[in-house]
Amino acid sequence: MDVSFMIIIFLIGFIGSFISGMVGIGGAIIKYPMLLYLPPLFGLAAFSAREVSGISAVEVLFATISGVWAYRKSGYLNKTLIFYMGISILIGSFLGGFGSNMMSEGTINVVYGILAALAAVMIFVPKKGIDDVPSGQVTFNKWLAAALALVIGVGSGIVGAAGAFLLVPIMLVVLKIPTRMTIASSLAITLISSIGSAVGKFTTGQVELIPSIIMVIASLIASPLGAKMGQKVNTKILRVILALLILATAIKIWIDIL
């Protein structure tokens, strides 16, 4: 692994983690396609889908730790929501991460494409008035939240993501959680989920160590910077940024699959 390769990996991790900290996702929705497609564009060796999913699983764990730390005093972390969805998604992500070892690379990409497409559709559903509800008056269906988190966990564990790119639109559209609370709480839930994904990938030998370490270093620097920026940016702008990222990724993945 030469210096140019290490620089490209670091930049992918930095850019992806900054954006993920800002819009409340673990970053795999951004970094998965970047790791898959960018190195070959610079004449560097390409990662396989299995290697990318392993690197993403480890990197997202550390990106979300630093993102949650940046939000710790914001008042937007909903502990009840984090508990119910966190436990379910941890179980699901471990099962998905462990079971992905028995899947082909094509199957992993198809699962990723399906998840990205679902997220892209949901993020464009109108969300009227959810940001007008005070933090202390936010309510949601706890068991529905837990069930949805379990399903998301299985799918996201397969592709090495922590599922926040699906968590965010579901929390906004189905559970009606305000945008800033969604962003902060989804990072905490994603942190819990990424533990399951990372352990599942590690125990089945799907993690490339050096690229993972480089991505982790980049995420520890960039994710808190993105989280601080996200607390200052208008919520409508944050939703537009997230929607465009998810839509572009879904289109790219499906073009390659088809």
Side-chain angles (χ1 to χ4, degrees), residues 16-31 56-94 96-97 119 130-131 133 135-136 138-157 160-199 216 219-220 222-231 235 238-239 242:
S17 294
F18 182 86
I19 296 172
S20 72
M22 185 168 66
V23 299
I25 58 177
I29 188 74
I30 307 163
K31 283 167 273 192
S56 297
V58 175
E59 187 275 332
V60 166
L61 173 61
F62 288 90
T64 49
I65 288 174
S66 53
V68 171
W69 182 256
Y71 272 105
R72 70 190 186 282
K73 296 180 180 179
S74 66
Y76 295 122
L77 292 167
N78 187 312
K79 294 179 182 178
T80 305
L81 182 66
I82 293 167
F83 175 79
Y84 277 88
M85 298 192 81
I87 297 297
S88 293
I89 205 168
L90 176 61
I91 296 169
S93 63
F94 175 76
I130 61 173
D131 292 328
V133 181
S135 297
V138 174
T139 59
F140 60 94
N141 187 316
K142 297 179 179 64
W143 298 111
L144 175 61
L148 291 171
L150 180 65
V151 175
I152 294 169
V154 173
S156 60
F165 63 94
L166 261 179
L167 275 174
V168 170
I170 281 177
M171 289 165 73
L172 290 171
V173 177
V174 180
L175 301 178
K176 309 295 184 183
I177 307 297
T179 302
R180 292 199 192 280
M181 183 175 288
T182 290
I183 290 172
S185 299
S186 69
L187 278 172
I189 297 165
T190 300
L191 168 59
I192 298 170
S193 170
S194 64
I195 295 171
S197 297
V199 171
V216 165
S219 71
L220 291 175
S223 187
L225 297 176
K228 289 180 181 178
M229 178 68 74
Q231 294 179 47
T235 55
L238 290 174
R239 287 201 295 267
L242 181 61

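In this chain, residues are counted from 1 in sequence order.
- Atom-to-atom distance recorded for L148:CG and I89:CD1 is 10.0 Å, nearest 0.5 angstrom.
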Original post:
When you look at I177 and N78, which way does the side-chain contact (heavy atoms from CB on, under 4.5 Å) test go after all the steps?
Top reply: CA-CA 10 Å; I177 307 297; N78 187 312; 5.6 Å; no
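- Rounding to the nearest 0.5 angstrom, the gap separating the OH atom in Y84 from the CG atom in N141 is 10.5 Å.
- Panel note: side chain S186, backbone L167; no donor-acceptor pair is recorded below 3.5 Å.
- Taking OG of S88 as the reference point, atom CZ of F83 lies at 9.0 Å (rounded to 0.5 Å).
- The side chain to side chain contact (heavy atoms under 4.5 Å, CB included) test with M85 is passed by exactly one of T190, L175, T80: L175.
- Within the 4.5 Å cutoff, side-chain heavy atoms of I170 are placed close to those of I152.
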Subject >> side-chain contact (heavy atoms from CB on, under 4.5 Å) assessment of F140 paired with M171 >> reply: CA-CA 9 Å; F140 60 94; M171 289 165 73; over 6 Å; no
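- The one candidate from I192, L187, I189, I82 that meets the side chain to side chain contact (heavy atoms under 4.5 Å, CB included) condition with V68 is L187.
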